[in-house]
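Structure first, commentary second.
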Amino acid sequence: DTGVSQNPRHKITKRGQNVTFRCDPISEHNRLYWYRQTLGQGPEFLTYFQNEAQLEKSRLLSDRFSAERPKGSFSTLEIQRTEQGDSAMYLCASSLGSDSKETQYFGPGTRLLVL
Amino acid sequence: GNSVTQMEGPVTLSEEAFLTINCTYTATGYPSLFWYVQYPGEGLQLLLKATKADDKGSNKGFEATYRKETTSFHLEKGSVQVSDSAVYFCATSDKIIFGKGTRLHILP
């Protein structure tokens, strides 16, 4: 399978704990995006990378959130001191190209529940 | 600010009915427009896209035309099937904004 993969698929944590999610994009894709999706809503853009450079961050991405893509391949999204409001599906997508007009290929998501 | 507005669901139709899901957008530039679909238990996948005004995207019998004058990208299908039951998202590449999604139920 050469699609976008995300791990873990599900995560339950207690409020105040740190969590880290991983995304493995399609191998030749240079762009990688993170989104958050809550029930009944569309995906909300969080941040994106072009290769290893983080080029844009949404105002939704508070200082408790950090994303990395150290070698321009896989990426991690860490949430520190989780809050109940962080409960959501976190989606990763990748694309090949130089702008956001290219088709994005989505992973299955990581569902986070903060108790 | 930029936004994408699509008709609220759920939309329930009988098999072979005609489908329209409305989508309008606001943008500062000339974005590409997309329809993504999420089938039950699966991830988001591209259904169709259009990159400039008057372009028509099409796939699996679905069509949408990029209308700059009305800032719209309505999704249509002439004869829906039960297998089309899913959630449909309209999106613009300008600031990467998705609509809230429209859930479609097709009854046999």
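Just so we're on the same page: letters track the sequence lines, and every chain starts at 1. In this text, all values refer to a predicted model and were calculated from it rather than measured experimentally.
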Look at the side-chain heavy atoms of Ile, Leu, Val, Met, Phe, Trp and Tyr, link any pair under 4.5 Å apart, and say whether B:Val37 and B:Phe73 land in one connected group.
-> yes
Quick one: do A:Tyr33 and B:Ile96 satisfy side chain to side chain contact (heavy atoms under 4.5 Å, CB included)? Show the steps, please.
-> CA-CA 10 Å; A:Tyr33 301 81; B:Ile96 315 174; 3.3 Å; yes
Side chain, backbone, both or neither of B:Glu42 within contact of chain A (heavy atoms, under 4.5 Å) | neither
Counting heavy-atom pairs under 4.5 Å with chain A, the top scorer among B:Gly9, B:Ser32, B:Pro31, B:Gly43 is B:Ser32
Flag, side chain of B:Tyr36 to backbone of A:Gln104, donor-acceptor distance under 3.5 Å | yes
Might you confirm whether atom OH of B:Tyr39 has over 12 heavy atoms from other residues, nucleotides or ligands at distances under 6.0 Å?
-> yes
Hey, quick one: are B:Leu104 and B:Met7 part of the same hydrophobic cluster, counting side-chain heavy atoms closer than 4.5 Å, chains of contacts allowed?
-> yes
Tell me, yes or no, whether the heavy-atom count around B:Gln81 atom CD, taken from other residues, nucleotides or ligands under 6.0 Å, exceeds 12.
-> yes
Residues in residues 49-58 of chain B that sit under 4.5 Å from chain A, counting heavy atoms only | B:Lys49
Should we say atom NZ of B:Lys100 is surrounded by more than 12 heavy atoms from elsewhere, each under 6.0 Å from it?
-> no
Tell me, yes or no, whether the heavy-atom count around B:Glu8 atom CD, taken from other residues, nucleotides or ligands under 6.0 Å, exceeds 12.
-> no
Residue-level interface, residues 106-115 of chain A with chain B, non-hydrogen cut-off under 4.5 Å = A:Phe106, A:Gly107
Among residues 88-98 of chain A, which ones touch chain B with a heavy-atom distance under 4.5 Å?
-> A:Leu91
Between B:Phe98 and A:Tyr35, is the gap from one ring center to the other below 6.0 Å?
-> yes
Given the rule that I, L, V, M, F, W and Y join up when any side-chain heavy atoms are under 4.5 Å apart, are A:Phe65 and A:Phe74 in one cluster?
-> no
Should we say atom CZ of B:Phe62 is surrounded by more than 12 heavy atoms from elsewhere, each under 6.0 Å from it?
-> yes
Answer yes if B:Leu33 and B:Leu48 sit in the same cluster of Ile, Leu, Val, Met, Phe, Trp and Tyr residues linked by side chain heavy atoms under 4.5 Å apart, and no otherwise.
-> yes
What are the residues of residues 9-32 of chain A, in order of number, with any heavy atom under 4.5 angstrom from a heavy atom of chain B?
-> none
May I ask you to check whether over 12 heavy atoms, not counting those of B:Glu16, lie within 6.0 Å of atom CD?
-> no
Other residues, nucleotides, ligands: >12 heavy atoms within 6.0 Å of A:Leu39 CG = no
When you look at A:Gln41 and B:Phe89, which way does the side chain to side chain contact (heavy atoms under 4.5 Å, CB included) test go after all the steps?
-> CA-CA 10 Å; A:Gln41 302 293 316; B:Phe89 295 92; over 6 Å; no
Taking a hydrophobic cluster as the set of Ile, Leu, Val, Met, Phe, Trp and Tyr residues connected by side-chain heavy atoms closer than 4.5 Å, whether directly or through intermediates, do B:Tyr25 and B:Leu75 fall within one such cluster?
-> yes
